[in-house]
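This report concerns only the one structure given below.
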Amino acid sequence: MSGTTNPFLHLVEALDPKDPQQRFFNLSKLGDPRYERLPFSVRVLLESAVRNCDGFLVKQEDVESILNWKQTQAQTVEVPFRPSRVILQDFTGVPAVVDFAAMRDAVTKLGGDPEKINPVCPADLVIDHSIQVDFNRKTDSLQKNQDLEFDRNKERFQFLKWGSKAFRNMRIIPPGSGIVHQVNLEYLARVVFNQDGLYYPDSLVGTDSHTTMIDGLGVLGWGVGGIEAEAVMLGQPISMVLPQVVGYKLFGTPDKFITSTDIVLTVTKHLRQVGVVGKFVEFFGPGVSQLSIADRATIANMCPEYGATAAFFPVDDVSVKYLEQTGRDAEKLDYITKYLKAVAMFRDYNDVSQDPDFTQVVEMDLSAVVPCCSGPKRPQDRIAVSDMKSDFDSCLGAKQGFKGFQVAPESHNTSVPFRYNGDEYALSHGSVVIAAITSCTNTSNPSVMLGAGLLAKKAVECGLSVKPYIKTSLSPGSGVVTYYLKESGVMDYLFKLGFEVVGYGCMTCIGNSGPLPEPVVEAITQGDLVAAGILSGNRNFEGRVHPNTRANYLASPPLVVAYAIAGTVRIDFDTEPIAVNAQGKEVFLRDIWPTREEIQAVEREFVIPSMFKEVYEKIEKVNERWNALSAPSDKLYPWDPESTYIKSPPFFTGLTMTLEPPRSIRDAYVLLNLGDSVTTDHISPAGNIARSSSAARFLTDKGLSPRDFNSYGSRRGNDAVMARGTFANIRLFNKFLNKQAPRTLHLPSGETLDVFDAAERYQQAGSPLVILAGKEYGSGSSRDWAAKGPFLLGIKAVLAESYERIHRSNLVGMGVVPLEFLPGATADSLGLTGRERYTVLIPEQLTPRMLVDVKLDTGKSFQVRMRFDTDVELTYFLNGGILNYMIRKMSGK
């Protein structure tokens with residue numbers, strides 16, 4: 001509460017008359033009939049605005065705008081939102097803590113109090129992105145991978161431990177605990193906060209795009225850039241355009257062989273077609289009550305893949321039962337239920353009178369869902385399992401693109417023999433070389449994890465196995481998964497097929513898949529094969545999973561096991577046996593596939609509250625190496641100039657309290673000429689550092705050998721490495737070169753150089769840079785370095801047809817100008833080659849979404865839209881970025 005300035009204090013009352021000290025803002029007392037017609041997700045936004053209304057950051061007219069959502073949703077109205085908390089993972093968390101440490105230094109230099117740079121709302125950081133699948137198929141793989149993770153990342157971990165001590169309100173969940181979103185679901189989620197005598201809805205933003213997973217539990221949350229999250233941690237509200245809300249009605253009952261993964265991949269494709277970018281999706285209808293919280297969380301998790309901001313399932317009785325199952329205490333369950341019912345935020349999905357107004361309604365019949373995968377290069381490209389073989393064969397010969405590899409017809413049946421561990425094998429197009437049960441999307445869901453285990457049990461009992469050269473792995477999202485897989489007796493069967501636990505973290509899903517066996521790599525290279533990875537993840541963009549798997553398919557954990565046994569994606573499970581056992585008997589997938597009833601029976605018996613309590617009671621203390629780790633105790637971080645992991649960034653060099661007027665961008669060169677769907681993986685890769693790259697040369701000059709390079713993701717605390725890693729993805733397609741390569745044309749000299757080296761030359765010559773791009777620029781993971789890296793390369797603006805929401809926000813946060821072609825215009829339609837020099841005329845008086853002129857050295861000119869969407873974003877730009885704004889604000893107090 002903001003004291004006496006809040007005009008809504010008359011709404012405050014006790015939730016229970018017997019306990020007058022525990023109060024809440026009773027929105028029902030607004031006496032406004034519009035409230036109960038609002039989507040439930042918008043009610044959360046409204047409550048936050050009412051509770052935080054101070055006449056400055058949150059105004060009374062903001063409350064009215066939200067209450068009047070039915071009219072304002074179509075008017076691009078900007079409103080503030082103050083989430084209850086922030087969640088981070090270590091890849092994005094390390095640079096956030098680096099920025100906080102550097103901001104403390106900057107505030108000190110400007111004469112301010114560095115202690116003001118401190119989280120004012122709870123922030124949880126889960127270390128889950130560092131572990132890699134270096135070892136697999138051994139009983140000690142888990143221990144070896146965790147030891148290697150610690151050896152590689154000790155410096156980063158020490159820095160994070162310093163942060164947990166130096167900053168108030170920051171909790172670190174140590175490595176080896178699980179995946180951030182699953183830990184959030186099972187442990188961190190409050191659902192309703194009870195703080196300082198006040199009840200209010202749990203809500204959050206996170207520095208990972210799949211933060212939306214928590215929406216499945218009825219906690220409103222979504223991913224933001226690390227830069228935006230830092231501002232929230234410092235007490236700033238998020239400035240957002242009041243979203244349209246698409247009502248997604250579920251009805252019908254899924255077939256007994258259908259998994260939650262099949263449902264989410266179907267939803268993803270459907271909502272991509274509907275078009276929900278920048279909108280909330282809220283689920284309703286009788287079909288929702290058929291779904292467990294784990295099923296709902298799976299659907300909410302893949303919200304970024306269908307492009308929405310949030311994918312909300314309001315709290316109902318099933319949610320409360322899940323909280324009980326996961327070990328939350330009875331007192332919490334009591335006030336959660338009472339509070340949500342008091343403010344009309346508790347849902348009965350079978351009661352149509354509770355259905356609110358929506359911007360539009362779309363429907364899906366759960367009984368129409370069929371088993372499916374998605375791929376080979378995008379999560380929205382769903383394929384029925386029955387069509388996998390024909391679809392892959394079609395992709396082989398199709399033109400290079402999202403559904404094409406452009407392999408010559410005469411090479412479609414290429415087979416390359418090789419020896420592995422003394423035995424003869426052969427690889428061909430479509431051969432599975434990676435099979436990973438991984439990712440929060442699925443490992444949080446007992447039904448699909450137990451389904452994989454039961455399928456493995458039946459497969460082993462039928463005498464089936466997985467070829468030893470296939471890199472199999474199981475990386476659960478929490479210790480609870482391991483617990484129930486062991487207790488139910490299926491873990492031994494998974495292990496026999498090669499799926500033993502290799503670590504607790506994101507692993508293969510984010511590209512930490514580790515090396516493939518050398519003979520496998522040689523065979524793939526020799527035959528120029530389109531080898532396949534099959535994973536239970538949420539992202540399969542080109543170059544993400546592994547450099548040697550050009551086709552990557554998202555699938556349920558049982559299907560991951562099935563394709564591993566088959567050894568190829570070129571199989572029709574309906575008509576072909578999955579394998580032939582040693583007795584010569586053909587075994588079909590239908591012979592070993594468990595039914596929903598079988599899975600639910602095992603789940604009821606073995607997924608119990610005591611497991612969750614036992615695992616999470618010791619989660620912050622269980623890692624002995626973390627406990628023994630020493631860290632500095634200073635309030636200002638003592639930077640080590642020799643460190644290749646943690647470095648004070650140059651973002652605030654020369655910062656003063658004086659604001660300069662905006663300047664036009666004059667005579668800029670185009671650094672890269674890019675097409676559609678350039679992802680944050682293309683812009684700022686997270687995977688291994690190639691030995692031939694600029695980053696590798698830098699690390700070599702620092703005395704490191706290739707085995708010590710680690711990954712780009714692990715080095716996000718060092719700007720010198722990350723600037724060199726910007727646009728270093730080998731799958732980057734640059735129109736200047738007309739091929740995939742992390743290189744570009746240096747226009748003044750005509751030389752082809754690594755992107756960083758070209759940018760460095762331009763900077764030495766004092767030449768500003770721009771990027772040309774197509775649709776969906778910056779899609780994929782929320783990654784602040786995809787904005788910080790271009791900023792450090794000297795890129796002043798990006799000119800694209802459209803942007804992914806979080807990435808555009810990150811560009812704004814770094815002071816890079818996001819320009820958008822007007823509807824119907826593209827680089828091609830305007831005849832742009834990228835070889836021109838560009839002047840962007842930026843006036844001193846700026847307004848949101850204004851049109852500006854672009855003039856070329858050829859004499860041509862055209863208009864574009866400047867995508868600063870709100871007045872707050874303009875303020876950030878005028879300050880040179882959001883962090884500069886916060887430093888000036890903190891120093892000026």
Side-chain angles (χ1 to χ4, degrees), residues 89 91 128-129 131-133 136 178-182 208-213 223 259-265 267-269 294 297-306 372-383 432-445 448-449 451-452 470-478 481 499 502-514 532-547 549-564 569 679-681 685-687 713 779-783:
Q89 36 89 340
F91 268 18
D128 68 349
H129 272 52
I131 191 164
Q132 300 184 37
V133 191
N136 69 312
I179 301 174
V180 57
H181 307 305
Q182 185 162 345
D208 188 282
S209 48
H210 294 101
T211 299
T212 52
M213 184 170 182
T259 68
S260 58
T261 317
D262 301 321
I263 295 170
V264 71
L265 295 180
V267 168
T268 299
K269 182 174 183 179
T298 299
I299 294 168
N301 177 285
M302 284 193 73
C303 175
E305 281 65 54
Y306 41 87
C372 55
C373 301
S374 278
K377 302 182 187 182
R378 294 192 304 183
Q380 64 262 40
D381 293 329
R382 186 189 71 92
I383 316 137
V432 172
V433 295
I434 289 177
I437 299 175
T438 181
S439 171
C440 50
T441 309
N442 285 294
T443 64
S444 61
N445 194 326
V448 291
M449 296 301 286
I470 296 176
K471 187 156 193 180
T472 47
S473 60
L474 167 58
S475 47
S478 79
V481 180
F499 292 94
V502 294
Y504 296 94
C506 301
M507 303 189 88
T508 300
C509 187
I510 59 162
N512 286 358
S513 48
I534 188 105
L535 65 152
S536 63
N538 47 43
R539 293 269 165 84
N540 55 342
F541 300 125
E542 222 177 350
R544 179 185 177 96
V545 174
H546 194 281
T549 56
R550 286 157 65 189
N552 295 284
Y553 292 92
L554 307 182
S556 66
L559 278 175
V560 170
V561 178
Y563 279 108
V569 296
T679 71
T680 50
D681 282 297
S779 55
S781 303
S782 66
R783 197 163 287 178

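In this structure the side chain of R550 never reaches within 4.5 angstrom of the side chain of P376, judged on heavy atoms. Annotation: side chain of Y553 is in contact with side chain of I383 (closest heavy-atom distance under 4.5 Å). You'll find the side chain of L554 reaches within 4.5 Å of the side chain of L535, heavy atoms only. When side chains are defined from C-beta on, V433 counts as touching T549, because their heavy atoms get closer than 4.5 Å.
Residues passing the salt bridge (charged side-chain N to carboxylate O under 4.0 Å, His left out) test with D262, sequence neighbours excluded: none. By the salt bridge (charged side-chain N to carboxylate O under 4.0 Å, His left out) test, K377 pairs with E542, sequence neighbours left out. With sequence neighbours left out, the side-chain contact (heavy atoms from CB on, under 4.5 Å) criterion links D128 to Q89, D90, V126, I179, V180, C506. Scanning for side-chain hydrogen bond (donor to acceptor under 3.5 Å, both in side chains) contacts around Y504 gives T482, with sequence neighbours left out. Take S478 and apply the side-chain contact (heavy atoms from CB on, under 4.5 Å) test, not counting sequence neighbours, and it matches Q182, E186, V480, V481, Y616. Remark: H181 pairs with no residue by the ring-ring contact (aromatic ring centres under 6.0 Å, His included) rule, at least two apart or across chains. For S556, there are no side-chain hydrogen bond (donor to acceptor under 3.5 Å, both in side chains) partners at least two apart in sequence or on another chain. Listed by chain and number, the residues in a side-chain hydrogen bond (donor to acceptor under 3.5 Å, both in side chains) with S536 amount to none (sequence neighbours excluded). Applying the side-chain contact (heavy atoms from CB on, under 4.5 Å) test to N136 and every residue at least two apart in sequence or in another chain returns V133, K471, T472, E500, V502. For S439, the side-chain contact (heavy atoms from CB on, under 4.5 Å) partners two or more places apart in sequence, or in a different chain, are T441, C509, N538. Here R382 pairs with nothing under the salt bridge (charged side-chain N to carboxylate O under 4.0 Å, His left out) rule; sequence neighbours left out. Evaluation of the side-chain hydrogen bond (donor to acceptor under 3.5 Å, both in side chains) rule for T212 yields no partner, not counting sequence neighbours.
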Does the pair S473 and T438 meet the rule for a side-chain contact (heavy atoms from CB on, under 4.5 Å), with working shown?
CA-CA 8 Å; S473 60; T438 181; 5.7 Å; no
Given the rule in the side-chain contact (heavy atoms from CB on, under 4.5 Å) test, do H129 and D208 qualify, once you have shown the distances and angles that lead to the verdict?
CA-CA 11 Å; H129 272 52; D208 188 282; 3.7 Å; yes
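Between the CG atom in N445 and the CD1 atom in I299 there is a gap of 9.5 Å [rounded to 0.5 Å]. Distance OG1/T268 to OH/Y306: 6.0 Å, rounded to 0.5 Å. Between atom OG of residue S209 and atom CG of residue N301 there is a gap of 8.5 Å, rounded to the nearest 0.5 Å. From D381, atom CG reaches atom SG of C373 across 12.5 Å, with rounding to the nearest 0.5 Å. Rounding to the nearest 0.5 Å places CG of N512 at 10.0 Å from OG of S475. Interatomic distance, M507 CE to I131 CD1, rounded to the nearest 0.5 Å: 4.5 Å.
Among T259, T261, T298, the one residue that satisfies the side-chain hydrogen bond (donor to acceptor under 3.5 Å, both in side chains) test with N442 is T261. When the options R539, R378, Q380 are evaluated for a side-chain hydrogen bond (donor to acceptor under 3.5 Å, both in side chains) with E305, the one that passes is R539.
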